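Single-structure report; data block below.
As the structure is a prediction and not an experimental result, all values here were calculated from the model. Computed from heavy atoms alone, side chains included, the values below leave out hydrogens, waters and symmetry copies.
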Amino acid sequence: MSTGFLYDTRYLEHDTGHGHPECPERLSVTMNYLEQQPWFHHLKAISPIPAELKWLELVHSADYIEHVAASCREGLPYLDTPDVMIGRSSYDIALLAAGGAMKLADSVMNGEINNGFGLIRPPGHHAEQAQALGFCLFNNIAITAHYLQHEYDIDRIVILDWDVHHGNGTQHCFESDPSVFYISLHQYPFYPGTGGERETGRAGGSGTTLNCPMPAGSTDRDYEQVFHDRVIPAINDFQPEADTDFGRFRRPPQ
């Protein structure tokens, strides 16, 4: 089994200012650790390319995309909310982040790798259709899911969002879409306040959102139990052709 690893030093150029928690060191420290592991050089290195605007527009409004670009060009300190700090390069790097996830999808679908991991920034799962939130400019994984559907005719996709925060933007993107099953494990109650157990989808997408709120202090055993009892059975019932976990994909059965 071959595993792809996508990274680019340009991701460090997204400038969030001094003291911001979503800082370049999140990636550089991680890279320093990974490069010391004996298996690291067995990974297949993959380089990102910027996402085309037509793919972003499957998730975000054209006005919002231009708003992001203009705010960065003008050197504004933040986008929409003070937690989404930006620099002049942030728009270009955000395109590279979304494009990186899509490049991983291409590499799996073309048979170059069996699965892949993307070490990218800025992150994306809080970004709404027309609003930046929680350090996120564009919703990288939502864009990639739509890309898989349009470019490769994938019918059923699972997005597994395993993070301390609930991915409000990703859930809202797909909560009425029965072709994408969004699953989230997150601390609750916590930022951004969404992700309650009763949020299971809307209209035609009812039943294809699964939130697994976790109390603060949950242990590995607690997570293992939730995966065993809820997450894995739900995925098996849905029978996805592709599953994603912020940049991880598996080739659909032939």
Side-chain angles (χ1 to χ4, degrees), residues 11 13-17 20-24 26-27 48 50-73 76-87 89-105 118-150 157 159-177 180 182-184 186 190-195 199 202 205 209 211 244-247:
Y11 289 137
E13 297 173 14
H14 170 47
D15 185 6
T16 51
H20 196 279
E22 206 297 283
C23 57
R26 294 183 70 197
L27 268 58
E52 297 179 52
L53 296 187
K54 66 178 182 179
W55 301 119
L56 270 64
E57 290 173 353
L58 295 175
V59 173
H60 301 287
S61 68
D63 287 345
Y64 172 72
I65 296 169
E66 176 53 32
H67 168 57
V68 177
S71 298
C72 294
R73 284 196 305 265
L76 298 183
Y78 64 85
L79 183 67
D80 294 341
T81 62
D83 61 334
V84 188
M85 302 297 290
I86 55 174
S89 299
S90 295
Y91 172 72
D92 292 330
I93 306 307
L95 292 182
L96 200 66
M102 293 163 59
K103 185 67 177 292
L104 274 175
L119 187 61
I120 63 178
R121 62 188 292 270
H125 72 161
H126 293 307
E128 299 278 5
Q129 189 256 353
Q131 184 180 15
L133 285 172
F135 315 158
C136 303
L137 280 67
F138 299 129
N139 201 307
N140 306 316
I141 203 63
I143 293 165
T144 303
H146 277 304
Y147 175 73
L148 281 165
Q149 292 179 321
H150 283 75
I157 296 174
I159 297 177
L160 174 59
D161 188 342
W162 185 0
D163 183 83
V164 69
H165 299 129
H166 178 249
N168 55 287
T170 310
Q171 175 176 304
H172 293 155
C173 182
F174 297 112
E175 61 187 351
S176 298
D177 183 348
V180 177
Y182 176 71
I183 303 173
S184 179
H186 49 274
F190 202 38
Y191 180 88
T194 53
E199 298 172 33
R202 298 175 183 273
T209 296
N211 283 304
T244 72
D245 179 8
F246 295 126

Original post:
Which residues pass the side-chain contact (heavy atoms from CB on, under 4.5 Å) test with A130, sequence neighbours left out?
Top reply: S61, Y64
Original post:
Taking all non-hydrogen atoms of both residues, which atom of G134 and which atom of V84 are closest, and how far apart?
Top reply: N-CG2, 3.9 Å
Original post:
Under the ring pair (Phe, Tyr, Trp, His ring centres under 6.0 Å) test, which residues partner H67, sequence neighbours left out?
Top reply: none
**OP:** Tell me, with the steps shown, if H146 and F174 meet ring-ring contact (aromatic ring centres under 6.0 Å, His included).
**Re:** CA-CA 10 Å; H146 277 304; F174 297 112; 5.1 Å; yes
Original post:
Where do V180 and Q149 land on the side chain to side chain contact (heavy atoms under 4.5 Å, CB included) test, with the steps shown first?
Top reply: CA-CA 10 Å; V180 177; Q149 292 179 321; 3.6 Å; yes
Subject >> Which atom of P122 lies closest to which atom of E22, heavy atoms considered >> reply: CA-OE1, 4.2 Å
**OP:** Determine the minimum heavy-atom distance between N168 and P192, stating which atoms define it.
**Re:** OD1-CG, 3.3 Å
Subject >> Heavy-atom pair with the smallest gap, counting every atom of H125 and C136 >> reply: N-SG, 3.6 Å
**OP:** State, yes or no, whether a side-chain contact exists between L133 and Y191 at a heavy-atom distance under 4.5 Å.
**Re:** yes
Subject >> Pairs satisfying side-chain hydrogen bond (donor to acceptor under 3.5 Å, both in side chains), at least one member in residues 129-142, at least two apart >> reply: N139-T170
Original post:
Of all heavy-atom pairs between N211 and E199, which one has the smallest distance, and what is that distance?
Top reply: ND2-O, 3.1 Å
Subject >> Beyond-backbone contact of D161 with H186, side-chain heavy atoms, under 4.5 angstrom >> reply: no
**OP:** Any chance you could measure S90, atom OG, to L96, atom CG, to the nearest 0.5 Å?
**Re:** 12.5 Å
Original post:
Can the ring centroids of H126 and F135 be said to lie less than 6.0 angstrom from one another?
Top reply: no
Original post:
Going by heavy atoms in the side chains, are H60 and F138 under 4.5 Å from each other?
Top reply: yes
Original post:
What is the distance from atom OG1 of T16 to atom CD1 of I86, rounded to the nearest 0.5 Å?
Top reply: 11.0 Å
Subject >> Nearest atoms (heavy-atom pairs only) where H166 meets Q171 >> reply: NE2-OE1, 2.8 Å
Subject >> Point-to-point distance, once rounded to the nearest 0.5 Å, from CD of E66 to OG of S71 >> reply: 9.0 Å
Original post:
Would a line drawn from the ring center of Y182 to the ring center of H172 be shorter than 6.0 Å?
Top reply: no
Subject >> Distance (rounded to the nearest 0.5 Å) between I93 CD1 and L137 CG >> reply: 11.0 Å
Original post:
Between CG of L76 and CE of M85, what distance do you get to the nearest 0.5 Å?
Top reply: 10.5 Å
**OP:** Count the heavy atoms of every other residue, nucleotide or ligand shown that sit under 6.0 Å from OH of Y78, and state whether that count exceeds 12.
**Re:** no
Subject >> Min side-chain heavy-atom separation V164-F190 under 4.5 Å >> reply: yes
Subject >> Straight-line distance of R121 CZ to H14 NE2, nearest 0.5 Å >> reply: 5.0 Å
